[in-house]
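What follows is one structure encoded as structure tokens, with my remarks underneath.
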Amino acid sequence: MTGMERVPMGPPWSVDLIADLHAGVLPPEVAAQLRPRVEADPEAVEILQALDATLEDLHALPPIPMPDHVAARIDAALAAEARPAAPVVSLDEARKRRNRRLGLGGAGVLVAAAAAFGVVLAVSPGTQKSTDNAAQPTPTTSSAPGNAAPPLAVKGDDLGSVFGEVLKAQNYGPLETPDRLAGCLKGGGITSTSKPLGISPITLKGKEAVMAILPGGAVGQFRLVVLDPDTCGPDKPEGVLADNTIKPR
């Protein structure tokens with residue numbers, strides 16, 4: 001650090017920046033100038049409060065064991081990494097490195113919360129749209145490179161399975177712009193004046209869609225909205241495929 005770090009301009013501020021401020025990992029001089037600005041912004045304060053509530057809930061949870069099959073795969077990878085090389089890395093040292101990699105910080109606290117809480121989904125009546133009989137997805141054009149990662153795949157109706165990855169993204173995908181997102185939300189009767197906390201292309205039951213995470217209206221709650229980019233619009237409520245709320249258990 002040079003002592004001359006620039007203070008990020010805002011609002012709005014990214015979730016990652018607010019999480020870093022909350023975690024105390026920013027340079028002291030940056031944090032001292034940034035904190036009063038963040039605390040004067042209602043949307044940023046809502047995120048700080050959600051982080052506080054999440055930490056309190058996490059501290060109250062019992063230790064969560066790693067699934068055996070995940071631990072076995074990690075140990076196998078670490079054992080392969082520890083095979084003779086120059087220099088030789090011991091298995092114990094590799095395990096210590098794994099533990100450091102698994103450490104949580106910043107916005108990662110919210111991802112851990114989704115897993116720890118079991119992701120309780122409260123579905124608003126009439127908002128869960130069935131896609132069982134939907135037409136096969138029409139291929140969409142994209143300017144992304146051919147080796148771009150495929151959209152996140154939702155397991156059944158469990159939007160919580162991709163919550164953490166979507167929360168870290170700001171990818172509008174086929175919606176392209178915040179204005180298009182706002183129009184699609186309006187079509188479903190969803191009013192949101194803030195930038196989504198996270199947004200990313202996904203597939204829901206094999207259908208291409210876009211999932212947006214919005215503030216849930218209460219501390220620790222998040223609203224998950226899934227949109228069909230081919231049909232959503234200001235006057236097209238059928239374009240909202242799902243509208244769920246995540247609550248800490």
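Only this structure's heavy atoms are used, side chains among them; waters, hydrogens and symmetry mates stay out. This one's a predicted model, so the numbers in the text were calculated from it and none came from an experiment.
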For [X], give me all partners under side chain to side chain contact (heavy atoms under 4.5 Å, CB included), at least two apart in sequence or on another chain.
X      : value
Glu56  : none
Val225 : Leu185, Ile190, Leu214, Arg223, Leu227, Val240, Asp243
Pro67  : His69, Val70
Ala153 : Thr203

Using side-chain heavy atoms (C-beta onward) and a distance below 4.5 Å, is [X] in contact with [Y]?
X      : Y      : answer
Leu17  : Leu34  : yes
Leu181 : Tyr172 : yes
Ile213 : Ile199 : no
Pro8   : Val30  : yes
Cys232 : Arg180 : yes
Phe222 : Thr245 : no
Leu152 : Ser200 : yes
Lys207 : Leu241 : yes

Lys186 and Thr191: CA distance, side-chain angles, deciding distance, side-chain contact (heavy atoms from CB on, under 4.5 Å) verdict:
CA-CA 6 Å; Lys186 181 180 178 181; Thr191 302; over 6 Å; no
Apply side-chain hydrogen bond (donor to acceptor under 3.5 Å, both in side chains) to Ser14 and list each qualifying residue two or more places apart in sequence or on a separate chain.
none
Got a sec, which pairs hit salt bridge (charged side-chain N to carboxylate O under 4.0 Å, His left out) with one end in residues 31-48, sequence neighbours left out?
Arg35-Glu39
What do the steps show when you test Ile47 against Val15 for side-chain contact (heavy atoms from CB on, under 4.5 Å), and what is the final call?
CA-CA 8 Å; Ile47 296 174; Val15 174; 4.2 Å; yes
Whether Glu208 side chain and Pro174 backbone form a donor-acceptor pair below 3.5 Å:
no
Determine the minimum heavy-atom distance between Gly239 and Thr231, stating which atoms define it.
CA-OG1, 3.4 Å
Considering all heavy atoms of both residues, which atom of Leu159 and which atom of Ala242 are nearest to each other, and what is their separation?
CD1-CB, 4.1 Å
In Å, rounded to the nearest 0.5 Å, how long is the span from [atom1] of [X] to [atom2] of [Y]?
X      : Y      : atom1 : atom2 : value
Phe163 : Leu224 : CZ    : CG    : 6.5 Å
Ile202 : Leu204 : CD1   : CG    : 5.5 Å
His22  : Thr54  : NE2   : OG1   : 8.5 Å

